[in-house]
Amino acid sequence: MRALRLLEWKSEPVVEEVEEPQAGPGQVVVRIGGAGACHSDLHLMHEFTEGALAWGPPFTLGHENAGWVHELGDGVTGLEVGQPVAVYGPWGCGTCRRCQLGIETYCENLAAAPVPGGGGGLGMDGGMAELMLVPAARLIVPLPVGLDPLHAAPLTDAGLTPYHAVRRSWAKLAPDATAVVIGVGGLGHLAVQILEATTAARVVAVDSRPQALALAQEYGADVTVEAGEGAADEIRRATGGRGADVVLDLVGADATIALGAAVARPLGDVTVVGIAGGSMAFSFFSQPYEVSLQTTYWGSRPELIEVLDLGSRGLLRPKVTQVSLDDAVDAYRRMADGKLDGRVVVVP
Ligand code: NAD
Ligand code: ZN
Ligand code: ZN
């Protein structure tokens, strides 16, 4: 079968012929219906070097995946060949306390995970291929009625990651609160919808691209703000001078982290999700009183079930651009140039 593979650090992936995977005991092979192209893949291709992570190339890209059960290994019950499913992407050991709660993002026994701190498309072969091996049936989540694999795929990361970030700030997102979403790309266009679907907060969307702001508006953002020098003042005005209760920074550059800290309201949350490598100096006065600064990584398996439920009910509608394996590299280049809206999903 054909697969889009990262062969070494600091390179673009290539389409190669590889062997079809086979399901061993307890494993599942999924026929891929969609594999989302995440900006993290660009970070992987261009920023990481040998030794930076516990794992490395070669591997097949694609860490947001959905499709249909293709083969069940010995001992797997409760799933059927042909059944539409999503793949829960963070792969932990499966038995530590965090993993048992479904929080495999923060597995406490990474030495026993399939690949320490990674997963399919992150050190192990991912979904940008016709078939994908999932090492344990617990990592398979059946799709609810009304959701197809093409649209479920981006929900497993571009949806799940901001859902987790929003969910942990729910208590601060009362009807008179304001949430600011910085970066309305793959994650951000779903973050706006998650806020609309699960809170009554006002949503302010910030991006440097006018078409991203238009998309945010289409999905219900109350205010859109162009990134740049005047952004903080504009957000402050939009909140009646109070500032934002919750900031989701889906970029993570110096400028966006500074913007988040500048517009947060006392007692607010600033959550950095984007990994553009920015930083800020932290001190007593670097942000308003009792602002919590936090990072989040992906989400839990129970949260994925909730996100898929929102998707099946039409409350989350990922904007999907479908491309073939052969067009994937070009799509990543367009992502790097800021020319994509919503999510590109590779359909092998
Ligand atoms: P994307 O390329 O689809 O979207 C990024 C958006 O940010 C674009 O709309 C772009 O115009 C906008 N942007 C860029 N610089 C900006 C700036 N200075 N100010 C305002 N807007 C700006 O990317 P994505 O796939 O949504 O991923 C976003 C980030 O989140 C990436 O860094 C990615 O690696 C990271 N990520 C983190 C996690 C996690 O678990 N923490 C999970 C998935 C992705
Ligand atoms: Zn990702
Ligand atoms: Zn674990």
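Whatever order the structure lists ligands and atoms in, that order sets their numbers, starting from 1. Just so you know, these numbers use all the heavy atoms, side chains as well, and skip hydrogens, waters and symmetry mates.
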task: Measure from atom 14 (C) of ligand 1 to every heavy atom in Val251, Val181, Leu340 and give the option owning the shortest one.
output: Val251
- request: Provide the number and element of each atom of ligand 1 under 4.0 Å from a heavy atom of Thr256.
  value: 17 (C), 18 (N), 19 (N)
query: Ser208: heavy atom below 4.0 Å from ligand 1, yes or no?
result: yes
task: Report yes or no: does Thr161 contribute a side-chain atom to a donor-acceptor pair with the main-chain N or O of Ala158 at less than 3.5 Å?
output: no
field: Proximity winner for atom 39 (C) of ligand 1, if only heavy atoms of Thr161, Asp41, Ile257 are counted
entry: Thr161
Any donor-acceptor N or O pair under 3.5 Å, side chains Arg5, Thr60: yes
query: Looking only at atom types and distance, does a side-chain atom of Asp207 sit under 3.5 Å from a main-chain N or O of Val184, one as donor and one as acceptor?
result: yes
- prompt: Does any N or O in the side chain of Tyr219 come within less than 3.5 Å of the main-chain N or O of Ala214, such that one atom is a donor and the other an acceptor?
  reply: no
query: What protein heavy atom sits nearest atom 30 (O) of ligand 1, and how far off is it?
result: Gly274 CA, 3.5 Å
statement: Any heavy atom of Leu250 under 4.0 Å from ligand 1? The part involved is backbone
query: Among protein heavy atoms, which lies nearest atom 1 (P) of ligand 1, and at what distance?
result: His39 ND1, 3.6 Å
message: Return the closest protein heavy atom for atom 33 (C) of ligand 1 as residue, atom name and distance.
response: Ser40 OG, 3.4 Å
Verify same cluster id: Val246, Val273 (apolar side-chain graph, 4.5 Å): yes
- request: Could you list which atoms of ligand 1 come closer than 4.0 Å to a heavy atom of Val184?
  value: 9 (O)
task: List the closest protein heavy-atom neighbour of atom 3 (O) of ligand 1: residue, atom name, distance to the nearest 0.1 Å.
output: Gly186 N, 2.9 Å
message: Give me the nearest non-hydrogen protein atom to atom 4 (O) of ligand 1 as residue plus atom name, then the distance to 0.1 Å.
response: Gly185 CA, 3.3 Å
query: Side chain, backbone, both or neither: which part of Ala227 has a heavy atom under 4.0 Å from ligand 1?
result: side chain
Protein heavy-atom partner closest to atom 12 (C) of ligand 1 - residue, atom, separation in Å: Asp207 OD2, 3.2 Å
- request: Compute the ring centroids of His63 and Trp91, then answer whether they are less than 6.0 Å apart.
  value: no
- prompt: Quick one: which ligand 1 atoms are inside 4.0 Å of a heavy atom on Arg343?
  reply: 24 (P), 25 (O)
- prompt: Measuring to the Zn ion (ligand 2), does Asp157 have an N/O/S atom at a distance below 2.8 Å?
  reply: yes
query: Does even one non-hydrogen atom of Gly252 get within less than 4.0 Å of ligand 1?
result: no
Interfacing atoms of ligand 1 (cut-off 4.0 Å, heavy-atom, Arg209): 8 (C), 9 (O), 10 (C), 11 (O)
message: One residue to check: Asp157. Relative to ligand 1, which of side chain, backbone, both or neither has a non-hydrogen atom less than 4.0 Å away?
response: side chain
statement: Near Met335 (heavy-atom distance under 4.0 Å), the atoms of ligand 1 are 2 (O)
query: For residues Glu12 and Tyr332, is any side-chain donor paired with an opposing acceptor at under 3.5 Å?
result: no
query: Are Leu316 and Leu173 connected in the hydrophobic side-chain network, where two residues link if heavy atoms are under 4.5 Å apart?
result: yes
message: For the metal site, I want the angle between atom SG of Cys99 and atom SG of Cys107 with the Zn ion (ligand 3) at the apex, to 10°.
response: 110°
